[in-house]
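One structure is given below, encoded as structure tokens.
Throughout, protein chains are lettered first and strands after them, A, B, ... in sequence-line order, and every chain is numbered starting at 1. Just the heavy atoms: all of them, side chains too, but no hydrogens, waters or symmetry mates, feed the values below.
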Amino acid sequence: MNILPPTSETELLNRAYTLAGKTLGDIAKLHQKYVPTSLIHAKGWIGQLIEKTLGANGSNLDQPDFINLGIELKTLPVTAQGFPCESTYICAASIPCEDKTWEQSRVWRKMEKMLWVPIESNSEKPLLAQRIGTPILWSPSIRIVTQLREDWEELTELMTLGNFEDLSAHKGKYLQIRPKAANAKTFIQVIDHQGQSISIVPKGFYIRTILTRQIIEHHYCT
DNA sequence: ATTTGATCATTT
DNA sequence: AAATGATCAAAT
């Protein structure tokens, strides 16, 4: 079953809202999709299921999932109380950074407008019994954009200058840099602060749960 | 071989 | 328990 991309934001939202309250089992049944027994060997399964259901068309391009709408789709695992369980991957960090400014950055292009689909996936609930929450169409407020830009600039500067020893997941209030690779033996060559070529594990930008928690809370309070 | 989708598993 | 560091599969 192939679902055409939504042609407007409204159409996307209407589709998304129909998912609220359904279980992953309900959705998987529609697509007769292969269902893994666990996410250990299928970590992207939920995200791909929701993408397919909503008709995402950005697939493997370095663009938002809904290219024509400029909207990035993210599933977000949350506890029964609505708190995010995990950080959220945004994009790979090219080193050295090719994006000259925050406004041109891949992080910003993906975060300018996002559709969050919460998945209640606490405890040891069976995968197919996990329930989809009310989707949230979100754009960061000025306050959050300012902080994101600050984080991005700090992290990008460290990578640009080659200060990889100072670069760690501890940096950044909302945005952080973490490994993003098949495993810890995957390397890329970069130039360090002394001009030496060194090997490091590829990195990616992630956003912390302190930000996604605000997104959820704000949505339910306004 | 890379980029997408992320969560798993160990450390703090 | 929460955060960091490591890892897995599909699609191209």
| said: Which residue in the set I90(A), L76(A), T88(A), L73(A) passes side chain to side chain contact (heavy atoms under 4.5 Å, CB included) when paired with M114(A)? | reply: I90(A)
| field | Angle between terminal axes - the helix from dA1(B)-dT12(C) to dT12(B)-dA1(C), 5 pairs each end, rounded to 10° | value | 20°
| query | Thinking salt bridges, do E103(A) and R149(A) make one under a 4.0 Å N-O criterion? | reply | yes
| Going by the salt bridge (Lys or Arg N to Asp or Glu O under 4.0 Å) test, which pairs reach into residues 6-22 of chain A, not counting sequence neighbours? | E9(A)-K113(A), E11(A)-R15(A)
| query | Starting at CG of L24(A) and ending at P of dT7(B), how long is that distance when rounded to a whole Å? | reply | 11 Å
| said: Hydrophobic clusters here meaning ILVMFWY residues chained together by side-chain heavy-atom distances under 4.5 Å, can you tell me if I198(A) and L158(A) are in one? | reply: yes
| said: With a 4.0 Å cutoff (strictly under), does any side-chain N or O of H41(A) reach OP1 or OP2 of dC8(C)? | reply: no
| request: Scan P36(A) against the nucleic acid and name what it touches under 4.0 Å (heavy atoms): base, sugar-phosphate only, or nothing. | output: nothing
| query | Is there a path of hydrophobic side-chain contacts, each under 4.5 Å between heavy atoms of I, L, V, M, F, W or Y residues, that connects V117(A) with L137(A)? | reply | yes
| request: Examine dG5(B): is either OP1 or OP2 under 4.0 Å from a nitrogen or oxygen in the side chain of K110(A)? Give yes or no. | output: yes
| Length of the CD1-C1' vector between I67(A) and dT4(B), whole Å | 13 Å
| Whole-Å gap separating C1' (dG5(B)) and CD1 (I90(A)) | 13 Å
| query | With sugar-phosphate meaning primed atoms plus P, OP1 and OP2, does G47(A) contact a base, only sugar-phosphate, or nothing at under 4.0 Å between heavy atoms? | reply | sugar-phosphate
Dump the pairs, protein N or O against N or O of nucleotides 2-6 of chain C, anything under 3.5 Å, distances to one decimal.
residue: dT4(C); atom: OP1; partner: A169(A); partner atom: O; Å: 2.9
residue: dT4(C); atom: OP1; partner: R208(A); partner atom: NH1; Å: 2.9
residue: dT4(C); atom: OP1; partner: R208(A); partner atom: NH2; Å: 3.3
residue: dT4(C); atom: OP2; partner: Q176(A); partner atom: NE2; Å: 2.9
residue: dT4(C); atom: OP2; partner: R208(A); partner atom: NH1; Å: 2.8
residue: dG5(C); atom: OP2; partner: A169(A); partner atom: N; Å: 3.4
residue: dG5(C); atom: N7; partner: R178(A); partner atom: NE; Å: 2.8
residue: dG5(C); atom: O6; partner: R178(A); partner atom: NH2; Å: 2.9

| task | Using the six-membered ring wherever Trp is involved, compare the ring planes of W116(A) and W138(A) and label them parallel, tilted or perpendicular (cut-offs 30° and 60°). | result | perpendicular
| query | Taking atom C1' of dG5(B) as reference, at what distance in whole Å does atom CG of L49(A) sit? | reply | 12 Å
| query | Looking at OG of S141(A) and NE2 of H218(A), how far apart are the two atoms once the value is rounded to the nearest 0.5 Å? | reply | 7.5 Å
| message | Take a 6.0 Å sphere around CD of Q189(A) and say whether it holds more than 12 heavy atoms from other residues, nucleotides or ligands. | response | yes
| task | Using a cut-off of strictly less than 4.0 Å between a heavy atom of the residue and any atom of DNA chain B, enumerate the qualifying residues of residues 143-166 of chain A by number. | result | none
| field | Nearest heavy-atom neighbours spanning A92(A) and F205(A) | value | O-CD1, 4.1 Å
| task | Assign A92(A) to base, sugar-phosphate, or nothing according to its heavy-atom contacts below 4.0 angstrom with the strands shown. | result | nothing
| request: Consider only side-chain heavy atoms of I, L, V, M, F, W and Y, link residues closer than 4.5 Å, and tell whether L39(A) and V35(A) are in one cluster. | output: yes
| request: Report the residue (T88(A) or C91(A)) whose heavy-atom-nearest nucleotide on DNA chain B is the more 5′ of the two. | output: C91(A)
| query | Out of L19(A), T18(A), I3(A), which one pairs with L54(A) under the side chain to side chain contact (heavy atoms under 4.5 Å, CB included) rule? | reply | L19(A)
| Spacing of OH belonging to Y174(A) relative to CD1 belonging to I210(A), to within rounding of 0.5 Å | 5.5 Å
| note | Whole-Å distance, Q48(A) CD to dT12(C) C1', equals 13 Å
Under 3.5 Å, N/O pairs linking protein and nucleotides 10-12 of chain B:
none

| query | Y34(A) has an atom OH; how far is it from atom P of dC8(C), in whole Å? | reply | 15 Å
| In the hydrophobic clustering (ILVMFWY, side-chain contacts below 4.5 Å, transitive), which residues join Y89(A), or is it alone? | Y206(A)
| query | Taking CG from L39(A) and P from dA9(B), how many angstroms apart are they, rounded to a whole number? | reply | 11 Å
| task | Grab the NZ-P distance between K203(A) and dT7(C) for me, whole Å please. | result | 13 Å
| Is M159(A) linked to I191(A) within one hydrophobic cluster, defined over Ile, Leu, Val, Met, Phe, Trp and Tyr using a side-chain heavy-atom separation of less than 4.5 Å? | no
